[in-house]
Amino acid sequence: MTLTLPALPPFSLSSVTRSHGWLRLAPFAGDEEGTRLSRVERLNSGRMVEIEILEMNGGVTVDISGNPSQTELDEVAEKVTWMLGLNQDLSAFYAVARSEPKLAQVEDLAQGRVLRSPTVFEDVVKTILTTNTSWAGTIRMVEALVSQFGDPLPQDPSRRSFPTPRQLAQLDVQALRSVARLGYRAPYVLELARSVASGDLDLESLQTSGDPTEQVHGGLLSIKGVGAYSAANLLILLGRYDHIPVDSWARKLVSHEWHAGEPVGDAEVEAAFDHWGKWKGLAYWFWDWSYQAGG
DNA sequence: TTCCAGGGGTAGA
DNA sequence: TCTACCCATGGA
């Protein structure tokens, strides 16, 4: 079964999938160029499907394995729309970015959307697993969570979905330490899974929440394992760009660009992008993208 | 062996 | 608010 989903222009699938490293984290899979994105998904009905996303003129096509119902197709459409930010309007960002040579590429390349997981829960877990470890470590930990605790695709059991809060909540800290090698992050992930599974914490409402950003920010910071860096990173995924995820890379970027290679602190990073106002997080994100790409 | 990686929680000031 | 210290793991 194939769905066709339009996107607000400008749109480029590869610009979304290459917006950061999420494409490399299970259960996402895709080609090097980012022109094909697939994953295994467990639908609300319990059905396991593989979805494969390809770019078409003005949007994407979504191939779904098996013979899904209309309700299941609607669910996939909603998830893909969220993952790729198909209905995001970034024209105001492009308008201000035109004045900055370092961001000259964003409109032409249709950059600005950032690849998201289908659930906020998955993005919070993955963000926690990026902290104080190497990128290779993040890939390893996420892969372990999926391969050990996710649900298998019937026609290819080697491919699995991201575990649900309920699936992780029934584990214990020892399992997350010894099997998934999460280290000290294990209790954070477990506590998060349990509070979401029990209904005490509603993360998914953040996808559509109209609450003030500072309120959302505070809520994210109250999650154990989520500090300033992670909260800012998650806000960007939620389409709120008021904070910069200051980490060692951000300090390196700002040091190189504005401080002649001298070490800088968090205040200098914030100051460097402050004039971008509500777009500062996005300006940093794609400035950094350009910097890493060799610009 | 030592160091540290795209940080964060906690205690103590 | 700020600082010191600890945290598990794996790679260099």
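Letters A, B, ... mirror the listed sequences (proteins, then strands); counts begin at 1. Not measured: the values here are computed from a predicted model. No hydrogens, no waters, no symmetry mates; every other heavy atom, side chains included, goes into these values.
When heavy atoms are screened at a 4.0 angstrom cut-off, A/Ala228 is found touching the sugar-phosphate backbone but no base atom.
Put simply, CG on A/Asn132 is 11 Å from C1' on C/dC6, counting in whole angstrom units. A/Leu182 places its CG atom 10 Å from the C1' atom of C/dA8, with the value rounded to the nearest Å. Computed from coordinates, the A/His243 NE2 to B/dG7 C1' distance equals 17 Å when rounded to whole Å. Look at NZ on A/Lys126: it is 17 Å from C1' on B/dG6, rounded to the nearest Å. Atoms OH (A/Tyr229) and C1' (B/dG9) sit 18 Å apart, rounded to a whole Å. Per the geometry, CG belonging to A/Leu129 stands 13 Å off P belonging to B/dG7, to the nearest Å. Between the CG atom of A/Leu192 and the P atom of B/dG9 there is a distance of 12 Å, rounded to whole Å. The distance between atom CG of A/Leu221 and atom P of B/dG7, rounded to the nearest whole Å, is 16 Å.
Taking the P atom of each, B/dT2 and B/dG6 are spaced 23 Å apart, rounded to whole Å. Rounded to the nearest Å, the gap between the P atom of C/dG10 and that of B/dG9 is 23 Å. Spacing of C1' atoms, C/dC7 relative to B/dA5, comes out at 14 Å, to the nearest Å. If you take atom P in C/dG11 and the same atom in B/dG8, they sit 23 Å apart, rounded to whole Å.
A/Trp22 does not carry A/Arg116 over the face of its six-membered ring by the limits of under 6.0 Å from the centre and within 45° of the normal.
A salt bridge links A/Glu257 with A/Lys102; the closest basic N to acidic carboxylate O contact falls under 4.0 Å. With respect to the salt-bridge test (charged N to carboxylate O, under 4.0 angstrom), the residues A/Asp266 and A/Arg251 qualify.
Counting only distance, with no hydrogens or angles, the side chain of A/Ser255 and the backbone of A/Glu262 share a donor-acceptor pair below 3.5 Å. Put simply, the side chain of A/Arg177 gets close to the backbone of A/Gly183: a donor and an acceptor are under 3.5 Å apart.
For B/dG7, the base has no donor-acceptor partner in the side chain of A/Tyr188 [N/O atoms by modelled type, under 3.5 angstrom].
Residues from residues 136-143 of chain A with heavy atoms under 4.0 angstrom of DNA chain B: there are none.
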Exercise for review: Applying ring pair (Phe, Tyr, Trp, His ring centres under 6.0 Å), run through A/His20 and A/Trp285 and close with a yes or a no.
Suggested key: CA-CA 9 Å; A/His20 61 141; A/Trp285 195 281; 5.4 Å; yes
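Each of A/Tyr284, A/Trp279, A/Tyr241, A/Phe286 was compared with A/Phe273 under the ring pair (Phe, Tyr, Trp, His ring centres under 6.0 Å) criterion, and only A/Tyr284 meets it.
Nucleotides of DNA chain B nearest to A/Gly225 and A/Thr133 differ in position, and the one nearer the 5' end is that of A/Thr133. When each of A/Pro245 and A/Ile223 is assigned the nucleotide of DNA chain B bearing its nearest heavy atom, the one mapping closer to the 5' terminus is A/Pro245.
Residue A/Ser134 has its side chain nearest to B/dG6 when only C/dA8, B/dG8, B/dG6 are considered. For A/Thr131, taking side-chain heavy atoms from C-beta onward, the closest of the listed nucleotides B/dG7, B/dG6, C/dA8 is B/dG7. Nearest nucleotide to the side chain of A/Ser230, out of B/dG6, C/dA8, B/dG7: B/dG7. Here the nucleotide nearest the side chain of A/Arg251, chosen from C/dT9, B/dG6, B/dG7, is B/dG7. For A/Lys224, whose side chain is taken as the heavy atoms from C-beta onward, the closest listed nucleotide among B/dT10, B/dG7, C/dT9 is B/dT10.
The structure places CG of A/Asn233 at 11.5 Å from CD1 of A/Ile128, a figure rounded to the nearest 0.5 Å.
Not one side-chain nitrogen or oxygen of A/Arg185 sits closer than 4.0 Å to the OP1 or OP2 atom of C/dC7.
A/Trp249 qualifies as a stacking partner of the B/dG6 base, centre to centre under 5.5 Å and near-parallel within 30°.
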